[in-house]
Structures are given as C-alpha cells and as structure tokens.
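These notes are about the structure you will find just below.
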Amino acid sequence: MSQSTDILIELRQLSKKFGKFTAVDKVSLQIYRGECIGFLGPNGAGKSTTMKMVANLLRPTAGEIWIRTNGHLEQLTGQNKDRLLDNTGFLIESPAFYKTSTPRQILTYFAKLKGYPRPEIKSRVENIVGMIGLRKWIDEKIGTFSKGMKQKIGIVSAIVHDPDIVILDEPHTGLDPSARRDVRDFILKLREMGKTVFLSSHLLYEVSEVADRIAIISHGRIIACDTLDNLESQAQRSTIHLEVLHPSEYRESGESTETRESQKFQDPQDSKIIQESQDMVTKLYRVLHDFIEPNSISYHRDTRVYQIDFNGVPQTQHQMLRALMANDIMVVEFSVPKAGLLEALYLDYIAKSDTEDLEHQKANIKVEAVL
Amino acid sequence: MNSISDLEKDSRRRRRFSQISDTIFFEFQRFGKKTGILLLVAIAIFGLSLAIGLLTLDQNPSAFSTVENYIVNFLSYMNMLVLILATSYGTGLIVVDFQEDTGNLLFPKISRSRLFIGRIIGNFLLGALIILIYYLISIIPVFIKFEVLPKEYWYSLGFSLYYYLALLSLAVFFSSFVKRSSGAVISVLLLMIIGFPIVYSILMLIVEGEPLFLLNYLAFIITYILDMPADRLESMTLEGFTINAWLTPDAKGAAIGLGIYTFIFLLGAYIIYKFRQTT
C-alpha cells in the first residue's frame, strides 16, 4: 500500500442531524496521503452527508473536519474553506451539466474557479479529457452525451485543478458494466498518480478492486474501518473459490470441446455431474477436515465452483491447497475473491450493527416505559 | 499568524473578483446561442416598427412631425422586448441548478454569493447588449429622416437598461423559489401582462396618487422621456366617474422606483437562494 503516515483529512466526532433524525453520528476517520479509502454503506447510511460536510456543502451539527494544508492540519471553517478545499476535488453524487455547454467550456470554467494557472488551463483540460478517452468529444455539447460519458466528465471535473485529494461520492451509480470498468480504471490511474482518493459506494466489487482501506458506515456510525485483510482476520472468516476437474471431465479431456458442450445439457450427463460433485464435496471434507467447520462447503452448479468457508488465515489457506494437491484433486482454480469476501464481511457488519441498533432502541423504549 | 491571515485575505479578495469575472464569461459562453436568437427577435421588432413607420408615412406624410415622435415609433415595443429579455435571462438564473441538479457540480468550487453576482452581471450584460444594439440600429432611420438625434434618446436608452435590470431582478426573485423555470416564466408574464395593468386600471378609477409602485408604469418613462408632457396627470370625467390617468413618472420618480424594485427583489432572491437546500 502506498500509504504514508501523514493524515490529509481527519474527521473528528462528526455529526449531522436533520431535525430529530441523526444522519451522521460521531464519525471519526483519518485519511492518509496516497491511499484510496472506500466508504461503504447501504443507502441512507450517511455516506453522502459525510462527504457533503467535507465539501462544506452541509454544516456539521457537531464535530470537526481537519484538512492538511502547507504541511499542517487546519480545521475547516467558513473563513478558510477556499484555501483548504483548493487541494481537494469533489464529485458529489451523479453530475448534471448544462446541456448546451461543452466539456472544454465547463472544465475551463472550473479550472479558473479553482485558481489553476491560466496559461496552462487549455492543455490541462485537453490532457485530462484525453485520459478518459473523450478527446474527440471535447467540443461537443454535453446534452448529447451518454450517462457514462457524463460521469467521466464529472470525475474529470473533480481533478481538473490537479488536487491531491479526490472525493468521489457514488461515481459508479447508474452506469453499465463497461462504463463502471472505465471509472474503476480511472480511479486506479488516480492512485498511480499518487492522489488520495476517498470513494463512497454501495457497490462492493468496485470498492474492493481499488480501495486500500474500507470504512463501513451504517445508521450514521462507522462500524468498521481497516484494510480488507485486517477486516478479514478480525472477522476470522473467509471464502475460497475452488474449481476442480471432475473424474469424468478428466477422462474426457481428450475429446473435442464440441462433443463435451453438446453433452453438457443432456440429462444423463447432468446427473453424472451432480453425483460427481456430491462425491467431490465428501472428498473435500475428508481432505480438509482439519481446517474447516462442518457444512462449510457448498457447490454452485451454474459456475461449477466449490465455495469453502474457512478462518481466513493465509497459512491455513496455504495448507489447504497443499492438502488438495497431495490428494490428487485436480485443482483448476483456488482463489479468495475480494468482492465475495467483502460482501460477506459487509453483510456481517451491517447485520451486527442492525441488531445493536435494535437492542439500543428496545433498551430506550424500556427506559422510557420505566420513567 | 498575521502573515497567514493577510495572505488569506489577499487570496480571498483576488479569488472573489476572478470567480465573478469567470462566471460572467461562462454565462456569455453558455448563452451565446440564446443571445443570437434574442438578437434576431430584437431585429424583427425593429423591422416591424420600421414597416409600421413607413406605412404610416405612406398614408400620412406629415405623421411624424417631430424627431421625438418618429423615435417613439421605434420604441413603442421596447417594453415587450425588455420583458422577453428579462424572462429569457432571469427566470432560469437560480432555479436551473436545482431543476437540473447542476448545483452539485458547482459547489464547493464557488460560493453562492459569487455565483449569484456573476450570473446577474453576466445576464444583465447580455440583455443590455441586445437593447444597445436595438437603440443603435434605430438611429439609422431616425438620422436618415431628421439628420439629428436628441440627447433624450440616450436617456431613453439609460431607462431601458434600468428597467431591464429591475425586471431581471423580478424574474430572478421568482427563480429563487420556484421548482421549475417555467413556473418563474409564467409568474413574471402573468404579473407584467395581466397583474400590474389591472391594478393600474383600477387605481385610475379610485385614487389620484401616482402609482410609482407599479413596475409597468415606471416603464412608461422609456418613451415619455423623449418628450415629457407638461402635465403628467390627465383627469377626465366620464358618466360621473373621474379617471386619473398618469401618463408617465418623472425621471427622478422612475429612477427611485426602479432602484427600489431592483434592490428589494435582488436582495430577496439572494436571501432565498442562500438558504435554499440542494437535493
């Protein structure tokens, strides 16, 4: 990880209330130079509200935001917001543009507003639009753009003045898989450029692919914040995706692919695979019983993948692989998919937070009843 | 600490002006096409006035006995042109960022106050440019026919611009709280075409006082400044009713009235805008 020890943004006990509703509840978070931190949470968890407070679009009810400038941390206030936020680029929610404007006009305007050196603005705008592959669209009206193209222009608008910190609120929302991949690649590019990225999303895969650390927020509170590996060790669980060659497939490997594909959907072949997969599950239990709990192996027929839950310790993972090889199991794939893991952890944390919240509410009701 | 504070103040001062000027320039870019269309509308109105003038002269060669009369022929649609300009430029000025959700992109790059000031100036200048062009092209036929241009012509231009500013402020005020720009367009048009004229008509029947609080009445100065009547109040009795028809405000009254309109509506619009929440 490219993380260094200096903090660029620090949220201290940050809270925001809308009337009686607490949207953000004493959130404390440190964002380090050069890292990409993923801010995960269900809809309405408080992600956007937190980001809007950092952007000074909403005033916190309580708590402080500290931002590093000229080597030292300074508390964000109405007086110094221009200077402190100059080094920060924001994309708040889905960007909407003036339909009759072109990317060149909009980005030039934004670069000027943020004080980017004027003689360099033209080349800067052309370069960053080129970076997202929209160079030939630079003088076209944004009203004619697809949602994905607008989203890319939105992200670029956040970095047009070359800030060190980039805050992206739900940049993948509403995008098709291809546009999501482009946005993901661009975030990775930002990381390579040494930018500090604070990314909120409810799309676990997108976050797991780019984030160094993950903060999970639920009901306005941060319920977990660490690297994916550490979260995994804390949770003491992980999942291996295992793909093997079944004995029939192994024997048939000499046959043409065409023959095997034609047999794939025939009932006798299907039932044969079911039988073999059941046998394989039994065999896997026998081989891996020292490392896993009972009922921790499942077979997914569609993907032909065995899912094995284990304690998440890398040494265990290694020993399991060795045991499989030693027992002549024809392993084709043996991996711990980050997104799947993150999903499991995320659901665990959210469920735990919901239970705690419910208990807290029950306790309050009891206290009120007693009073 | 002092040096940081001074540096900050200096930076804020410079940033304040540059952001306003950048916003003005961006408004010019954004509304270039719209301004072109509105300029064509202005030229069409000029063409219509010219045609009417020529037809009148054809039927009655002594129709325009003075240069002022002839100029009034060209300025008789100025109120309508200013109304078109103000609704075109003013009604979307604030609401657009809420209607189209473009506000999320602009902030925190620029503060609302600077954006507001920049947009007001930018849109005022665009409308003012069209009014100025109208006045400039109107000089041609006037000069051809009379070979003279009274200095009151420029006063009229000044009041047209001033009236445009007041009407723009009214449109911006509506833009600050409606949900869609069409709502602001309808409100301004209803007020100016139906609301104020009805009040003016009623006041003619019931009071003798000058209706300086009516924006449409203040606009009468645009043509009357060319040839200010000695008595601005015309009273006549019709079947027992006394009708007090105020022809025009005087220059001072119009200036103060338009100034008050501009101040109140711009301030109101700014305050509402300042506290209006983005979604």
Side-chain angles (χ1 to χ4, degrees), chain A residues 18 48 51-58 69-70 72 74 76-86 88-102 104-116 118 121 141-143 150 153-155 157-158 160-161 163 167 169-170, chain B residues 1 3-37 88 92-93 95-115 118-119 122 181 274-279:
Chain A
F18 296 104
S48 289
M51 291 193 150
K52 281 181 180 173
M53 285 191 283
V54 178
N56 203 46
L57 294 176
L58 288 175
T69 179
N70 298 326
H72 62 276
E74 259 188 69
L76 181 68
T77 64
Q79 295 300 304
N80 62 14
K81 64 179 165 51
D82 277 350
R83 186 166 50 83
L84 257 57
L85 296 178
D86 263 358
T88 310
F90 293 93
L91 174 71
I92 302 292
E93 294 171 348
S94 293
F97 295 91
Y98 305 109
K99 289 171 187 159
T100 54
S101 300
T102 66
R104 188 192 295 279
Q105 288 170 346
I106 290 258
L107 295 172
T108 302
Y109 176 46
F110 289 168
K112 284 178 182 173
L113 290 181
K114 294 299 278 181
Y116 196 79
R118 299 207 169 214
I121 288 178
K141 296 213 179 327
I142 295 181
K150 284 181 191 166
I153 297 292
I155 295 174
S157 76
V160 67
H161 57 296
I167 296 183
D169 183 18
E170 303 275 7
Chain B
M1 259 335 258
S3 62
I4 290 175
S5 172
D6 290 346
L7 203 71
E8 197 157 276
K9 276 181 189 166
D10 186 46
S11 152
R12 278 169 61 193
R13 198 178 305 121
R14 269 188 286 122
R15 179 68 66 87
R16 192 179 303 145
F17 287 113
S18 69
Q19 287 194 332
I20 290 171
S21 61
D22 292 334
T23 302
I24 294 169
F25 182 71
F26 183 64
E27 292 297 285
F28 289 172
Q29 281 186 324
R30 251 177 90 196
F31 296 129
K33 194 176 171 185
K34 185 199 265 187
T35 303
I37 293 167
S88 299
L93 196 136
V95 72
V96 64
D97 288 328
F98 300 91
Q99 185 181 328
E100 308 283 344
D101 280 336
T102 42
N104 282 335
L105 205 68
L106 282 166
F107 309 116
K109 296 179 182 76
I110 182 170
S111 70
R112 288 192 183 200
S113 51
R114 291 172 208 170
L115 186 72
R119 282 187 175 173
S181 57
K274 189 82 179 163
F275 293 101
R276 191 169 172 176
Q277 290 274 328
T278 50
T279 51

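Keep in mind the model is a prediction, meaning the values are calculated, not measured. What's counted below: heavy atoms across the whole structure, side chains too, no hydrogens, waters or symmetry copies.
Judged as a side-chain contact (heavy atoms from CB on, under 4.5 Å), and not counting sequence neighbours, the contacts of A:Thr77 are A:Gln79, A:Asn80. The side-chain contact (heavy atoms from CB on, under 4.5 Å) search around B:Thr102 returns A:Ala96, A:Tyr98, B:Asp97, B:Glu100, not counting sequence neighbours. Not counting sequence neighbours, the partners of A:Thr108 by the side-chain contact (heavy atoms from CB on, under 4.5 Å) test are A:Arg104, A:Lys112, A:Ile121, A:Val125.
Between chain B and the options A:Ala55, A:Ser101, A:Gly154, heavy-atom pairs under 4.5 Å are most frequent for A:Ala55.
With rounding to the nearest 0.5 Å, the separation of CG in A:Leu113 from CD1 in B:Ile110 is 5.0 Å.
Using a 4.5 Å cut-off between heavy atoms, A:Leu85 contacts chain B through its side chain alone, with no backbone atom that close. Neither the backbone nor the side chain of B:Ile20 comes within contact range of chain A, judged by heavy atoms closer than 4.5 Å. The parts of A:Ser157 that come within reach of chain B are both its backbone and its side chain, each placing non-hydrogen atoms under 4.5 angstrom from that chain.
Using non-hydrogen atoms only and a strict 4.5 Å limit, the part of residues 26-35 of chain B facing chain A consists of B:Phe26, B:Gln29, B:Arg30.
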